[in-house]
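The sequence lines fix the lettering, A, B, ..., with proteins before strands; numbering per chain opens at 1. Remember, predicted model here, so these are calculated numbers, not experimental data.
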Amino acid sequence: MLRPKLYSGRLQAGEPALSNAYDAARIEQRWQRHWDEHHTFAALNPGEPGFDPAQPKYYVLDMFPYPSGSGLHVGHAVGYVGTDIVARRKRMEGCNVLHPMGWDAFGLPAEQYAIQTGAQPSEATRVNTDNFRRQLKKIGLSYDWARELNTSDPRYYKWTQWIFKRLFEKGLAYQAEVPVWWCEELKTVLANEEVINGRSERGNHPCVRRPLKQWMLKITAYAERLLEDLEHIDWPESIKIQQREWIGRSEGAEIAFEVEGTNERLVVFTTRPDTLWGATFMVLAPEHKLLARVPSAQRAAVESYVAQAASKSELERTELSKEKSGVFTGLFAHNPAFEPGDARGRIPIWVADYVLISYGTGAIMSVPGHDQRDFEFARKFGLEVREVVKPPSNEKGLADGVCFTGEGTALNSGPIDGLATAQAKRRAIELLESRGVGQARVTYKLRDWLFSRQRYWGEPFPLLHLDDGSIVAVDDSALPVELPPMEDFKPSADGSAPLARAQGWVRTTHQGRSARRDTDTMPGWAGSCWYWLRFMDPSNAQAPWSRAAEHYWGPVDLYVGGAAHAVMHLLYARFWHKVLFDLGLVHTNEPFQRLFNQGLITAFAYQDATGRLVASDEVESRGNNFVRRATGEPLEQIVTKMAKSLKNVVNPDDVIAEYGADTLRLYESFMGPLADSKPWNPRDITGCARFLERSWRLIVDPESGDAVRPQLRVDQGARALEGDTLELEKQLQRAIARIDESFKQFNFNTAIAALMSFLNEASKRHAALSRSQAERYVLVLSPFAPHMCEELWSRLGYTRSLARERWPAVEPEFLVDDTLEIVVQVAGKLRGKVAVPKDADQAAVEAAAKPAVASWLEGKSVVKVVLVPGRLINFIVK
RNA sequence: GGGGAAGUGGCGGAAUCGGCAGACGCAGCGGACUUAAAAUCCGCAGACCCAACAGGUCGUGAGGGUUCGAGUCCCUCCUUCCCCA
């Protein structure tokens, strides 16, 4: 440790000295500049000068933001403040901390923003990232800014393309005709999130799903591993459940039905092969290709039904409560449970939109006796219902007019009659396998990932189409395939990609042959599928990252972001990481060891009697009620998420301008546990501002010109631990213990409450505070309010940043008291309190407690005594 | 529709293992300082009964249960928020 010097009030020669009042703006500006100039938060990579391989690493990562045009609000910041507190403390625990930040800059919103403002997406992105960076820096976040990255930078997406090539080479990328949303009015392909209830989000025009050739990534090939490996990572159980649910593994059988009058076999998947004997009809999805074989008599009816279904979303189609619709196709199938020629096996084939082409095989065998939707469908269209599972005696079945979907005993099912459902399934599969008409199969709800967009602002595919129809990847040496500048980058009227119009860019050659570039671009998720790896080695021009850097930094130790990304981003990221693991490019098979979800910051919004929203600055509080300032009209206060449309967005810039960044950070942490959703209440911020002021005054006397209060000066000798100083020592140790505890679940509100309690005590016994205590107070407060603490640290005489000072250790002997206060209960009710020595035995506690509750014991006999050591004694009386 | 999270004073929230409910902060009230106000400092503060003290009763979304003892565990129900389709 450097020897403390007397504080001059200046950090650098020529800088004006600060006054003794707490001036957040000046202090914050000074220290942010200091951190920048001294690269205080730079993380060293293996091989760099000064790198110490013995130092433990800690990689703490935020979900990087999408730099929108509206800037950062305090809800984004809460997670960043949380990880920053962790990063700062880890540094003080001696870790080499990787804490980077970057921009997820490709994607639809940036493109739409650019279209609206008439700017180029690249330019809009530059402006927005500049604004985000400025905002983040003002909060005093300890990022290693030298590692900043931007997914729309060719130096970054070169490697996104490079990784895509590896997927392509492994056969994990393929093209397929899949239904995508098409809006006739807007003449464009829309993404799922742009379509609400079958209408375009903008303009509210009707949309239909129509098949288009798209790039797909075979994430289903990793379904089993994505499921299994959830066991080995430290993630919230709720997120794991959501991922498991999304992957949706189900065991069952695939069964082939002969289609009458054709050579076709209709293959279906079922989780209940034991109910095959109850299959009385079949249903095809409206997109099923067997519909081409519909006999002419039914063709018109089927085609009109299919057209109708195309305009519905999957939600509308599959909703259980909804009235079932469907049309008979005129085709019949043979149920393989029955001998050929057995009339019971001849079953009609229908088409209905509650069956989805994208799930299973796009066709089902319908067992109306034991499936709710099939049951409703059969009732509506008068189809046969056959009971093949006998419910357990306490459950209702078909005899009671109820469709029984649970497990029971097989009946009316020939060879499997009398078997319990589990065995019946197994036996049914054996029978099907032996006859070559079916087999056991596992399916997943997870579908392959639609990976292309007919949009401009994304990574171009590094692929070439040759004249013979074959597709080849461009050479690694030709990467990146840069996005060509385009004046007009709007989607084309025929649904083709905008890049198709960049003729000079599309036409190229491959080994002397003419070739066309692929004109689709990757979806918004692509760049975020590997960015944590690039942060490890962000300026490597030879490779996406070096082996040494990945070996040292991987995996991410703590990943923090909103639960909104529970499924999509986290599943895609895990998928890519596993592919990279299989290629030997990373050494762990999971990217994020610990995941933590921050809660949503909500805000108050105000509604008048008609439900109309009133901007917060037009609202006045009267006691516990709220009124419109201009009219006095009563308003209702509601809590919702922050949104422009609700007129309740809070910008951190404004909070910093009024109170300073340290107060913002403190309030964000003090509001409640990081995981909880909680409302922003501007009224509460003052408590945090006051706390900082009082902390400052604990150490600095604003009335004097001294750097610190005289008793805290360097030249003061150590103070004996006795009297009030000893009492403060216990309080401080206790506070530090509570702070340490708060880092387990990130409930920093309790850490700050502990600091406040200590401050209250220390203010009362001001003269007893020792220099050592003041130093430790500054150190443990510093992750929360780093600027002020740096300033105090330098006033205490240190010339170097406190960023890597040692975190104070808790000495357990200060945490225990010699006497304990014991609660005395009679019959479970609190009746008194008594102080006993900490090592008192039961008899001693009883003896001490009885007089305290004598009036409650009078005339009663004690039948039992319950003693909780150190806490409570309970007399049970009769 | 499916999935997830959560219900504690006027508000945000606290409370290892089941053991003093309401720490800490905001707002509120009272006092000190001040010509006055702001700021600051000190104090009070869940609801109810009681003139008041003393004292008591109720109280963690609702109802039941387990237990000497339940905010915490179990069952049933209600409400809110978030996500996906």
Side-chain angles (χ1 to χ4, degrees), chain A residues 192-193 195-197 236-246 248 312-322 354 356 358-359 372-373 445 447 562-568 571 597 599-602 604 621 623-625 637-641 666-667 670-673 675-691 693-694 697 702 735 737-738 741-742 744-745 747 749-760 763-764 821-834 855 862-878:
Chain A
N192 261 335
E193 56 268 29
V195 180
I196 296 161
N197 293 327
E237 197 51 37
S238 65
I239 301 288
K240 290 188 182 182
I241 289 169
Q242 287 181 68
Q243 294 222 340
R244 284 191 200 111
E245 198 63 37
W246 188 263
K312 294 186 191 170
S313 69
E314 292 193 355
L315 168 65
E316 289 175 283
R317 287 173 48 169
T318 55
E319 217 166 341
L320 267 175
S321 56
K322 188 201 74 154
Y354 75 92
L356 302 177
S358 48
Y359 183 61
Q372 190 62 36
R373 285 185 300 193
K445 214 154 49 182
R447 303 169 202 175
H565 301 292
V567 178
M568 306 284 231
L571 207 55
N597 294 120
L600 197 75
I601 300 292
T602 53
F604 297 124
S621 72
N624 295 323
N625 300 308
Q637 188 185 56
I638 56 169
V639 173
T640 65
K641 63 176 163 188
L666 208 65
Y667 176 60
F670 187 60
M671 292 172 78
D676 288 9
S677 162
K678 55 230 169 220
W680 185 269
N681 191 346
R683 209 155 68 169
D684 289 345
I685 301 171
T686 55
C688 292
R690 282 207 275 259
F691 165 70
E693 290 266 3
R694 293 179 62 211
R697 289 202 305 269
R738 285 184 66 191
E741 187 66 26
S742 77
K744 292 184 181 154
Q745 284 304 315
N747 48 346
N749 52 325
T750 62
I752 294 165
L755 286 162
M756 287 173 167
S757 295
F758 173 75
L759 178 63
N760 288 342
S763 305
K764 276 179 211 156
E821 191 178 58
I822 299 287
V823 167
V824 187
Q825 294 186 337
V826 177
K829 289 193 188 270
L830 172 69
R831 297 301 181 193
K833 289 175 192 178
V834 69
S855 65
V862 175
V863 294
K864 189 178 170 187
V865 179
V866 179
L867 178 77
V868 182
R871 282 188 184 268
L872 165 149
I873 186 163
N874 188 5
F875 296 103
I876 317 304
V877 294
K878 212 165 44 183

Produce the list of close N/O pairs, under 3.5 Å, pairing protein atoms with atoms of nucleotides 41-47 of chain B; give distances to one decimal.
residue, atom, partner, partner atom, Å
B:C41, OP1, A:R694, NE, 3.3
B:C41, OP1, A:R697, NH2, 3.4

- Message: Let me check I have this right: for RNA chain B, each base becomes ., (, ), [, ] or |, based on Watson-Crick or G-U pairs with both distances under 3.5 Å. What is the full string?
- Response: (((((((..(((......[....))).(((((.......))))).((((.....))))..(((((..]....)))))))))))).
- Task: Please name all residues satisfying side chain to side chain contact (heavy atoms under 4.5 Å, CB included) with A:A737, sequence neighbours left out, ordered by chain then number.
- Result: A:V810, A:L815
- Message: Please enumerate all residues that pass salt bridge (Lys or Arg N to Asp or Glu O under 4.0 Å) together with A:R244, with sequence neighbours excluded.
- Response: A:E231, A:E237
- Note on the structure: Those residues at least two apart in sequence (or on a different chain) that pass ring-ring contact (aromatic ring centres under 6.0 Å, His included) with A:F758 are A:Y777
- Message: Between A:K864 and A:V877 (side chain of the first, backbone of the second, donor and acceptor by atom type, cut-off under 3.5 Å), is there such a pair?
- Response: no
- Glycosidic class, syn or anti, of B:C68 using a 90° window around 0: anti
Atom pairs under 3.5 Å, N or O on each side, protein against nucleotides 68-73 of chain B: can you list them with distances?
residue, atom, partner, partner atom, Å
B:C68, O2, A:N874, ND2, 2.5

- Message: Run the side chain to side chain contact (heavy atoms under 4.5 Å, CB included) test against A:R831 and tell me which residues pass, sequence neighbours left out.
- Response: A:V826, A:K829, A:V853, A:W856
- Item | Nucleotide nearest A:T750 (side chain, heavy atoms from C-beta), chosen from B:C20, B:C58, B:A15 | B:A15
- Using side-chain hydrogen bond (donor to acceptor under 3.5 Å, both in side chains) as the criterion, list what pairs up with A:K744, not counting sequence neighbours. A:E741
- Query: Residues two or more places apart in sequence or in another chain: which of them pass ring-ring contact (aromatic ring centres under 6.0 Å, His included) with A:Y667?
  - Reply: A:W680
- Task: Among B:C82, B:G12, B:A14, find the nucleotide with the atom closest to the side chain of A:F670.
- Result: B:G12
- Item | Those residues that, when tested against A:N681, pass side-chain hydrogen bond (donor to acceptor under 3.5 Å, both in side chains) (two or more places apart) | none
- Close side-chain approach of A:I873 and A:V866, heavy atoms under 4.5 Å: no
Tabulated below should be each protein N or O lying under 3.5 Å from an N or O of nucleotides 3-8 of chain B; please produce it.
none

- Task: Determine: side-chain N/O of A:K678 to OP1/OP2 of B:C82, distance under 4.0 Å, yes or no.
- Result: no
- Task: Could you pull out all residues at least two apart from A:Q243 that satisfy side-chain hydrogen bond (donor to acceptor under 3.5 Å, both in side chains)?
- Result: A:R574
